[in-house]
Amino acid sequence: MGIGMEMLSRKEQHNANKLHKRLRRLVGTAIADFNMIEPGDRVMVCLSGGKDSYALLDILRSLQAHAATQFELIVVNLDQKQPGFPEHVLPNYLTAIGMPFRIVEQDTYSVVKRLIPEGKTTCSLCSRLRRGVLYRVAGELGATKIALGHHRDDILETLFLNLFHGGKLKTMPPKLVSDDGKHIVIRPLAYCKEKDLAAYAEMENFPIIPCNLCGSQKNMQRQAVKEMLQQWDKKFPGRLENMFSSLQNIQPSHLLDSSLYDFHGLKTGNGPVVDGDRAFDPEPFEPGMEELLNLNKE
C-alpha cells in the first residue's frame, strides 16, 4: 500500500482496500492472459508522475511481494526539461518507498516546441522522442520488459482515434515488440478503468505531477474522443465494457480485410461453416410456441 493509506479513515481504508484488490486482480489477470511477466524478468516501469503510472508501480510492487513468479522492478523517469518541472518530487517519493530508480535527463521539450507550430498538438512527436529514449535506457539497464501505464480507456480511445482519423481498425495492444525487435512493451493496466485509477491515486495521495506540455492542450482529438466515451458511459451503462469485450472477440470473416480472411477462396461445402452467416437461418421457437401459433389460427 502507498503512503497515503495512513491518512484515511476506517471507512475510506475499507473502500481503498476493495479498490486495491480489484485493481490488483485485474492487473494480475492481464499479466496472465498475455504472459506479460515471466520468471526472472527485469521490468522497467516508466513513471511519468501521473496517476496511472503511480498506480501501475504500486500494484506491480504489491504483486511482486505476493506472487509466486519472481521478477525485478526498476523505475525510470524521463525528465524532458519542461519549465517548472519539480525535479525533487519523484526522487523523494521513490527513495521513501525504497524503489531503485533512474532519472534520465533529455531535453525533448525544446525539440517539440521548436518543430511543432503553436496551436498544434504535440503528443505524436513527444511520444516518439520519449519512446526512443526509453528504449535506449532499457537496453542500458538490461530490462527485459518495459511497463507503461496505459489503461482500458486509453485503449478504447485509441481504437476510435484510428477509426475516425486513421482509417484503421487497431488500438494499443497489451503486449508488443518494438520496431527494432529488441524490446517487449507491456501494459499491465489494460483491464483497468481510468476512473478507478483516478480514485485510487486520490486515496493513496500520490504526488501527482501534471503534464504542461500536452495534457493542457484543449484541441486534442484524443480529448474529444475521451469526452464522447465518458458521455456514453454515463448515458449507456455497460457500453464501454461491451466495446472492450469486442476487442477480444473478433470475427475476421465478418469484416472486410482479405489479408485476414480468404474471401477469394470461399466456397460452399457439405456442412456447417464456422462463423458462417446465420442471417437467414430459421430461429428456433420456444417450447410450446408452435402449438400456441396453431391455436391462434383456429
Side-chain angles (χ1 to χ4, degrees), residues 1-5 20 23-24 26-27 30-31 36-37 41-65 71-82 84-109 123 126-151 153-154 172 174-175 178 183-190 192 194 196-215:
M1 284 292 175
I3 300 172
M5 282 294 291
H20 177 80
L23 290 173
R24 190 173 68 175
L26 290 171
V27 170
I31 289 173
M36 292 185 185
I37 298 177
D41 268 341
R42 190 175 206 211
V43 182
M44 186 179 98
V45 183
C46 300
L47 185 65
S48 66
K51 67 183 189 313
D52 306 322
S53 59
Y54 273 121
L56 172 65
L57 174 61
D58 192 68
I59 295 167
L60 287 179
R61 289 180 69 228
S62 178
L63 290 175
Q64 182 190 41
F71 60 92
E72 185 181 353
L73 295 174
I74 183 167
V75 176
V76 168
N77 168 256
L78 174 57
D79 180 354
Q80 299 176 268
K81 295 305 174 183
Q82 296 182 35
F85 181 79
E87 298 179 357
H88 65 285
V89 171
L90 291 177
N92 289 352
Y93 174 78
L94 294 169
T95 300
I97 64 174
M99 271 301 303
F101 66 92
R102 178 173 170 183
I103 305 296
V104 180
E105 297 185 3
Q106 188 83 32
D107 188 3
T108 61
Y109 177 85
C123 278
C126 181
S127 64
R128 287 202 304 273
L129 294 173
R130 187 169 62 246
R131 188 163 58 242
V133 175
L134 292 175
Y135 285 165
R136 172 179 60 80
V137 174
E140 294 173 357
L141 295 175
T144 55
K145 302 287 172 58
I146 302 173
L148 303 180
H150 298 120
H151 45 68
D153 298 65
D154 287 324
M172 294 176 172
K175 181 180 180 182
S178 61
H183 306 282
I184 293 180
V185 176
I186 58 174
R187 296 183 169 101
L189 300 180
C192 299
E194 182 176 18
D196 282 348
L197 295 169
Y200 187 67
E202 184 176 356
M203 289 178 179
E204 292 287 352
N205 197 30
F206 294 134
I208 304 298
I209 302 175
C211 176
N212 297 320
L213 177 61
C214 60

Non-neighbouring partners of E72 that pass side-chain hydrogen bond (donor to acceptor under 3.5 Å, both in side chains), sequence neighbours left out: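 Here the qualifying residues are R42.
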Non-neighbouring partners of D154 that pass side-chain hydrogen bond (donor to acceptor under 3.5 Å, both in side chains), sequence neighbours left out: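 So D154 forms a side-chain hydrogen bond (donor to acceptor under 3.5 Å, both in side chains) with H151.
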Looking at every heavy atom in both [X] and [Y], which two are closest together, and how far apart are they?
X: A143; Y: M44; value: CB-CB, 3.7 Å
X: R187; Y: H150; value: NE-ND1, 2.8 Å
X: A138; Y: I146; value: CB-CD1, 3.7 Å
X: M99; Y: L57; value: CE-CD1, 4.0 Å
X: A30; Y: P188; value: CB-O, 3.8 Å
X: T144; Y: D41; value: OG1-OD1, 2.8 Å

When rounded to the nearest 0.5 angstrom, what is the spacing between [atom1] in [X] and [atom2] in [Y]?
X: I103; Y: D79; atom1: CD1; atom2: CG; value: 7.5 Å
X: D52; Y: D153; atom1: CG; atom2: CG; value: 9.0 Å
X: K51; Y: F206; atom1: NZ; atom2: CZ; value: 12.0 Å
X: I209; Y: S48; atom1: CD1; atom2: OG; value: 8.0 Å
X: M36; Y: F71; atom1: CE; atom2: CZ; value: 12.5 Å
X: L197; Y: I59; atom1: CG; atom2: CD1; value: 6.5 Å

By salt bridge (Lys or Arg N to Asp or Glu O under 4.0 Å), which residues pair with E87, not counting sequence neighbours?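 K81.
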Side chains of L90 and F101: does their closest heavy-atom pair fall under 4.5 Å?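 A side-chain contact under 4.5 Å is absent here.
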State, yes or no, whether a side-chain contact exists between I31 and L60 at a heavy-atom distance under 4.5 Å.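 Yes. Closest side-chain heavy atoms under 4.5 Å.
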Residue pair S53, V45: steps toward the side chain to side chain contact (heavy atoms under 4.5 Å, CB included) verdict: CA-CA 8 Å; S53 59; V45 183; 6.0 Å; no
Strictly distance-based, threshold 3.5 Å: is any side-chain N or O of [X] a donor or acceptor partner for the main-chain N or O of [Y]?
X: R61; Y: I97; value: yes
X: N77; Y: L47; value: yes
X: H183; Y: Y135; value: yes

Relative to the ring of Y54, is the ring of Y93 parallel (under 30°), tilted (30 to 60°) or perpendicular (over 60°)?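 Taking Y54 first and then Y93, their aromatic rings stand perpendicular (interplane angle over 60°).
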